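Structure first, commentary second.
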Amino acid sequence: MRNNFLAIVSTVRSWFDWAPAPLASALVLILAGCLTLVGSRLLMNLLLRLPGPRRDFFRSFAHELRRPLRVLVVVVALGAALPAVGLSYAAFTVLGQVLLVAFVLLAGWTASLAIRTSANLYLGRFKTGEEDDLLARKHVTQIRILKRAADLLLFVFTISAALMTFEPVRQYGLSLFASAGAASLVVGLAARPLLTNLIAGVQIAVTQPIRLEDAVIVEGEWGWIEEITSTYVVVRLWDWRRMILPIAYFLEKPFQNWTHQSASLIGSVFFYLDYHVPVEALRAHLEEIVQQTPLWDGKVVNLQVSDIKQSSVEIRMLVSGRNAPQTWDLRCFVREKMLSFLQANCPEALPRTRVLMDNATGDVSPGGSGRAGAPFSHGVGPDQGPTGP
């Protein structure tokens, strides 16, 4: 088949014998490139019109890869026709080297676009931004990290393959392999940060200690995983600041992930109240409060006396929300409504400081009943004692 193709090119070359040899060779190459370009365009149009259940898949691939594939086919056609166009040895060598390098670079570019298109088609099946999108975020994180790692490796291999087409570079590479002891040590030390982050990225993609839009606490700061690259992770903090961390951080240091298995969270609200607090009334009112807001997910609502201190009773309220922001808003909502209820209906439950005065000596001492004297109570204002967590 190759001989037949070269015979056809030689025949076409004979049509231009009237022209100078360089011009004739250039005309043959231009004609071969134009014919190949037209043929590749027709083939792409056929792929775009393919019927069947996989039509969208082939159309997406053909649409994304049409430009590099057209150029790649033209380069292959020119390289195949090059021996039969009658170029001089010097011109043949230079043009052949240029086409070979172009072929390697175009092949790498086409492979990169194919990886990107495959990733986009796969991720198109998942929707993020929903209330509990754990599965979608899992796949998006995996595909994006693996795609970046594949792009990096593909770039290194493409550039290496293009450079190895040059004889001096190939000889230098062989000499490096021959003295692999010292050279590999130097290269390994120089590339250690890059390799560490690359391997860490693959580990995170497989094991997934973090995913995109996970709520995390790192370095004492709370925020969401906004971006995961090949070398670093961007954490969007609650006040819109951005914390940049090396990707290996999440494999080497402990951190909190609030949405690792589910986005739902339980929030706690603490009140420190007087011994006269009506616990049952507060418990009933807490259920009324959570029924008033869509922030509550309907799963957990609980009120308990979690501790008794010398001068107050610790009341703990637990409520659950669908995600971290809603749980925070729900805690604030419960805290405000419960405080209003206490002020309006149970003022005796607000924290107080009791002091006993001895009528005989005039001594004043904190305490309760059981000592001689006239007890009185003094209410602690909002700025003088605890009224909430």
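The structure displayed is predicted, hence computed values, not measured ones. Scope of the values below: all heavy atoms of this structure, side chains included, with no hydrogens, waters or symmetry mates.
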Problem set entry | Side-chain heavy atoms of V313 within contact of I315, under 4.5 Å | yes
Seminar exercise, completed: So CG of L350 and OH of Y272: to nearest 0.5 Å the spacing works out to 16.0 Å
Problem set entry | Between CG on residue L245 and CZ on residue F255, distance to nearest 0.5 Å | 10.0 Å
Exercise. Would you say Y122 and S118 make side-chain contact, with heavy atoms under 4.5 Å?
Worked result: no
Problem set entry | Validation row: L69, T110 side chains within 4.5 angstrom (heavy atoms) | yes
Exercise. side-chain contact (heavy atoms from CB on, under 4.5 Å) between F271 and M317: does it pass, once the steps are laid out?
Worked result: CA-CA 8 Å; F271 272 78; M317 290 166 259; 3.2 Å; yes
For this session: Kindly check if the number of other-residue, nucleotide or ligand heavy atoms within 6.0 Å of OH (Y275) is above 12?
Result: yes
Problem set entry | Over 12 non-hydrogen atoms of neighbours within 6.0 angstrom of CZ in F250 | yes
Problem set entry | Charged N-O contact under 4.0 Å between R331 and D329 | no
Problem set entry | Nearest atoms (heavy-atom pairs only) where T158 meets G108 | OG1-CA, 3.6 Å
Problem set entry | Donor-acceptor contact present, side-chain N120 to main-chain R116, <3.5 Å | yes
For this session: Look only at the side chain of Q142 and the backbone of A205, and say whether a donor-acceptor pair between them is shorter than 3.5 Å.
Result: yes
Exercise. Considering all heavy atoms of both residues, which atom of R316 and which atom of S306 are nearest to each other, and what is their separation?
Worked result: CB-OG, 3.7 Å
Exercise. Is it true that a side-chain atom of T293 and a backbone atom of I289 form a donor plus acceptor pair closer than 3.5 Å?
Worked result: no
Problem set entry | Counterpart residues, salt bridge (charged side-chain N to carboxylate O under 4.0 Å, His left out), relative to E226 (two or more places apart) | R236, R242
Exercise. Should we count OH of Y249 as having more than 12 external heavy atoms under 6.0 Å?
Worked result: yes
Exercise. Would you call I228 and I210 a side-chain contact if the rule is heavy atoms closer than 4.5 Å?
Worked result: yes
Problem set entry | Path from L303 to I308 over hydrophobic side-chain contacts below 4.5 Å | yes
Exercise. Under 3.5 Å, is there a donor-acceptor pair between the side chain of N257 and the main chain of D214?
Worked result: no
For this session: For the residue pair W258 and V216, establish whether any side-chain heavy-atom pair is separated by less than 4.5 Å.
Result: no
For this session: For the pair F341 and H285, name the ring-plane relationship: parallel under 30°, tilted 30 to 60°, perpendicular over 60°.
Result: parallel
Problem set entry | Audit row: V334, L286, side-chain contact (heavy atoms from CB on, under 4.5 Å) steps and yes/no | CA-CA 7 Å; V334 169; L286 176 61; 3.6 Å; yes
Problem set entry | Rounded distance (nearest 0.5 Å) linking atom CG of L318 with atom CD of Q304 | 6.5 Å
Exercise. Does one hydrophobic cluster hold both F157 and V202, with members joined at side-chain heavy-atom distances below 4.5 Å?
Worked result: no
For this session: Any chance you could lay out the side-chain contact (heavy atoms from CB on, under 4.5 Å) test for L273 and L342, step after step, and finish with the verdict?
Result: CA-CA 10 Å; L273 303 174; L342 289 170; 3.8 Å; yes
Exercise. So, does W296 use its side chain to make a donor-acceptor pair with the main chain of V300 at under 3.5 Å?
Worked result: yes
For this session: Rounded to the nearest 0.5 Å, what's the gap from CZ on R211 to CD1 on I204? Could you check?
Result: 12.0 Å
Exercise. Is any side-chain heavy atom of M164 closer than 4.5 Å to a side-chain heavy atom of F166?
Worked result: no
Exercise. V233 and V218: same hydrophobic cluster, using ILVMFWY side-chain contacts below 4.5 Å?
Worked result: yes
Exercise. L146, V140: one ILVMFWY side-chain cluster at the under-4.5 Å cut-off?
Worked result: no
Seminar exercise, completed: Distance col, row T229:OG1 vs I145:CD1, nearest 0.5 angstrom, shows 9.0 Å
Exercise. Just wondering, more than 12 heavy atoms not from Y232 lying within 6.0 Å of its OH?
Worked result: no
Exercise. Could you state the interatomic distance from CG (L251) to OG1 (T207), rounded to the nearest 0.5 Å?
Worked result: 6.0 Å
Problem set entry | pair L212-R144: side-chain heavy atoms closer than 4.5 Å | yes
For this session: Return the minimal non-hydrogen interatomic distance between A119 and I143, and the atom names on each side.
Result: CB-CG2, 3.5 Å
Exercise. Are P68 and L113 close enough that some pair of their side-chain heavy atoms sits under 4.5 Å apart?
Worked result: yes
For this session: Considering non-hydrogen atoms only, spot the tightest contact between N323 and P325 and give its length.
Result: OD1-CD, 3.3 Å
For this session: Would you kindly say whether T165 and Q97 are connected by a side-chain donor-acceptor distance under 3.5 Å?
Result: yes
For this session: Specify the closest pair of heavy atoms between A215 and T259, including all atoms of both residues, with the distance to one decimal.
Result: N-OG1, 3.0 Å
For this session: Flag the pair W222 / W224 as yes when their ring centroid distance falls below 6.0 Å, and as no otherwise.
Result: yes
For this session: Test side-chain contact (heavy atoms from CB on, under 4.5 Å) on D297 and S264 and set out the steps.
Result: CA-CA 8 Å; D297 63 359; S264 300; 4.2 Å; yes
For this session: Say whether L282 and V319 are linked into one hydrophobic cluster, either directly or through other cluster members, by side-chain heavy-atom distances under 4.5 angstrom.
Result: yes
Exercise. Of the non-hydrogen atoms in I115 and A150, which two are nearest, and what is the gap between them?
Worked result: CD1-CB, 4.1 Å
